[in-house]
S.K.: 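So that we are looking at the same thing, I have put the structure below in structure tokens.
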Amino acid sequence: MDSSDEILFVHIEPEAAYGQPTVNQRSVLKTHKVSPRLTADQSLMEIRRWRGWAHGPRPEVNEDWLFFVRRTYRGGSASGHVFHGINLTQPLKSYSTAAITRDGKPLVDRQSILAAVEARVQRDHRLSPDVDRSAVDKLAGVIGNKWSREQERSVGTTYLKAHLGGTLVRIDCDVWDRLGADTWLIRAVVPVEPDDHCRLMEAALDVPKRRPASRFLHPIMALVNFPGQETEACLTEIIKRYPLHGSSIIAKDVLHFFDYHLEPTDPKNQALVGRWRLEGRRELIDITFTRDQTFVATTFARPEHEHERARHLWDGQGYWLVRDSRLSIMRTHVRVGLTWHDSRRELFRGKKIKGITSAEAVLDGGPPMKRK
């Protein structure tokens, strides 16, 4: 419900052409408050295209359904697609078209489903713009099955964006069990709630004790939803206790995510946009901070004598962010010839900014940082 732009209440009409359902839109339970919603004709067209008609139970005459629509905007025009449907007339007909709570309990009748949807819509919970809704959808099918080493140890922290807004829960529901076999509904992604914070921190600390631990890394990844001192203390404890364990790699990535990928709310981010020179003891770094929190830099070896020419060391790019008046800079790539290669190096993390003037930024403990 949170990740949909529209929720449509429709009725399946008796007439059907070419095996496709004929639908009548009765009402819209949720709509986008900023941009105009899709027209009724557009919405009905997307419902007819829904892949669930082919892969799920076929709709029957006189059934009522809820359809969940996401929209994209390109060139000033809107398009949408249906990504889920709930059968209101036969809620327990199939787990693929059922309404299930985060506790794994199915809602068994139309009234309880509509009441739950309307209550959630009234909360008006909006996902962060950073949430990749399609990536979150895939979590239930990836975690615990094919979460590869490449994904675990990937350079950078962009893979963590798939965990923004949602967390995995295990579903134990035997409503659709047949002949003693478990239903396919083993795990699901649910919206992150404030109450999940303590549960996820406890589970994250327990990860290294699990076998195989790689199947239980998602609590650490889900902590990207809770930036703050408590989370950072938990992640630091994991790194301290288990420095050689895979969980410490993920914990470090979450900390880096906080440093470089959060929404830049500190006004010092705006003040630092532009060209600077960092004058380290061994390096001189000419760095340009951009508004999208990325940077490009050229670095020279600092000459030991005034008559010497500065020797070029590397050209790099990466991320920067000011959070709570503390500047962090992470290089992610260096250029070799015309090609950029992965090369992580943290120039510094959490360096306190004592003041910013038209000529310089004063960092606690240095290095000197001057405008160019």
S.K.: When you measure from the side chain of T288 to the backbone of W276, do you find a donor-acceptor pair of N or O atoms at a distance under 3.5 Å?
M.R.: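 No, because the side chain of T288 does not come within donor-acceptor range (under 3.5 Å) of the backbone of W276.
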
S.K.: Check salt bridge (Lys or Arg N to Asp or Glu O under 4.0 Å) between R120 and all other residues, then give those that pass, not counting sequence neighbours.
M.R.: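 D2, E193.
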
S.K.: Please list, chain by chain and in numerical order, all residues satisfying ring pair (Phe, Tyr, Trp, His ring centres under 6.0 Å) with F295, sequence neighbours excluded.
M.R.: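 So F295 forms no ring pair (Phe, Tyr, Trp, His ring centres under 6.0 Å) with any residue.
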
S.K.: How would you list, by chain and number, every residue that makes a side chain to side chain contact (heavy atoms under 4.5 Å, CB included) with T236, sequence neighbours excluded?
M.R.: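 Partners of T236 by the side chain to side chain contact (heavy atoms under 4.5 Å, CB included) criterion, ordered by chain and then number, come out as L255.
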
S.K.: Tell me which pairs pass salt bridge (Lys or Arg N to Asp or Glu O under 4.0 Å) where either residue lies in residues 286-301, with sequence neighbours left out.
M.R.: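 Pairs touching residues 286-301 that pass the test: R277-D286, D286-K372.
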
S.K.: Show the numbers, then the answer: is there a side-chain contact (heavy atoms from CB on, under 4.5 Å) between M330 and W320?
M.R.: CA-CA 6 Å; M330 167 66 80; W320 69 282; over 6 Å; no

S.K.: Using the six-membered ring wherever Trp is involved, compare the ring planes of F67 and W65 and label them parallel, tilted or perpendicular (cut-offs 30° and 60°).
M.R.: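 Plane angle under 30°, so parallel.
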
S.K.: So if I apply the side-chain contact (heavy atoms from CB on, under 4.5 Å) rule between K268 and each of D324, L327, L321, I356, which one comes out positive?
M.R.: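 Answer to the side-chain contact (heavy atoms from CB on, under 4.5 Å) test with K268 among D324, L327, L321, I356: I356.
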
S.K.: Are K352 and D364 close enough for a salt bridge, meaning some N to O gap below 4.0 Å?
M.R.: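 Salt bridge flag = no for D364 with K352.
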
S.K.: So does E304 pair up with R309, basic N to acidic O under 4.0 Å?
M.R.: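 No.
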
S.K.: Can we say R302 and E283 salt-bridge, meaning some charged N sits less than 4.0 Å from an Asp/Glu carboxylate O?
M.R.: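 Salt bridge between R302 and E283, a charged N being under 4.0 Å from a carboxylate O: no.
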
S.K.: Hey, does the side chain of T299 reach the backbone of L313 with a donor-acceptor pair shorter than 3.5 angstrom?
M.R.: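 A pair under 3.5 Å: no.
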
S.K.: If we ignore hydrogens and angles and just use 3.5 Å, is the side chain of S248 paired with the main-chain N or O of P243 as donor and acceptor?
M.R.: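 Yes, because the side chain of S248 sits within donor-acceptor range (under 3.5 Å) of the backbone of P243.
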
S.K.: Please enumerate all residues that pass side chain to side chain contact (heavy atoms under 4.5 Å, CB included) together with P227, with sequence neighbours excluded.
M.R.: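 Checked P227 against side chain to side chain contact (heavy atoms under 4.5 Å, CB included); matches are F258, L262.
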
S.K.: Could you pull out all residues at least two apart from R275 that satisfy salt bridge (Lys or Arg N to Asp or Glu O under 4.0 Å)?
M.R.: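 Once residues adjacent in sequence are excluded, R275 has no partner under the salt bridge (Lys or Arg N to Asp or Glu O under 4.0 Å) criterion.
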
S.K.: With a 4.0 Å cut-off on N to O distance, would you call E232 and K252 a salt bridge?
M.R.: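 A salt bridge is absent here (no side-chain N lies under 4.0 Å from a carboxylate O).
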
S.K.: Can you measure from CD1 (I100) to NZ (K105) and round to the nearest 0.5 angstrom?
M.R.: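 Output value for this atom pair is 11.5 Å.
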
S.K.: Do the side chain of K30 and the main chain of S4 share a donor and acceptor less than 3.5 angstrom apart?
M.R.: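 Yes, the answer is positive, given that a donor and an acceptor are paired below the 3.5 Å cut-off.
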
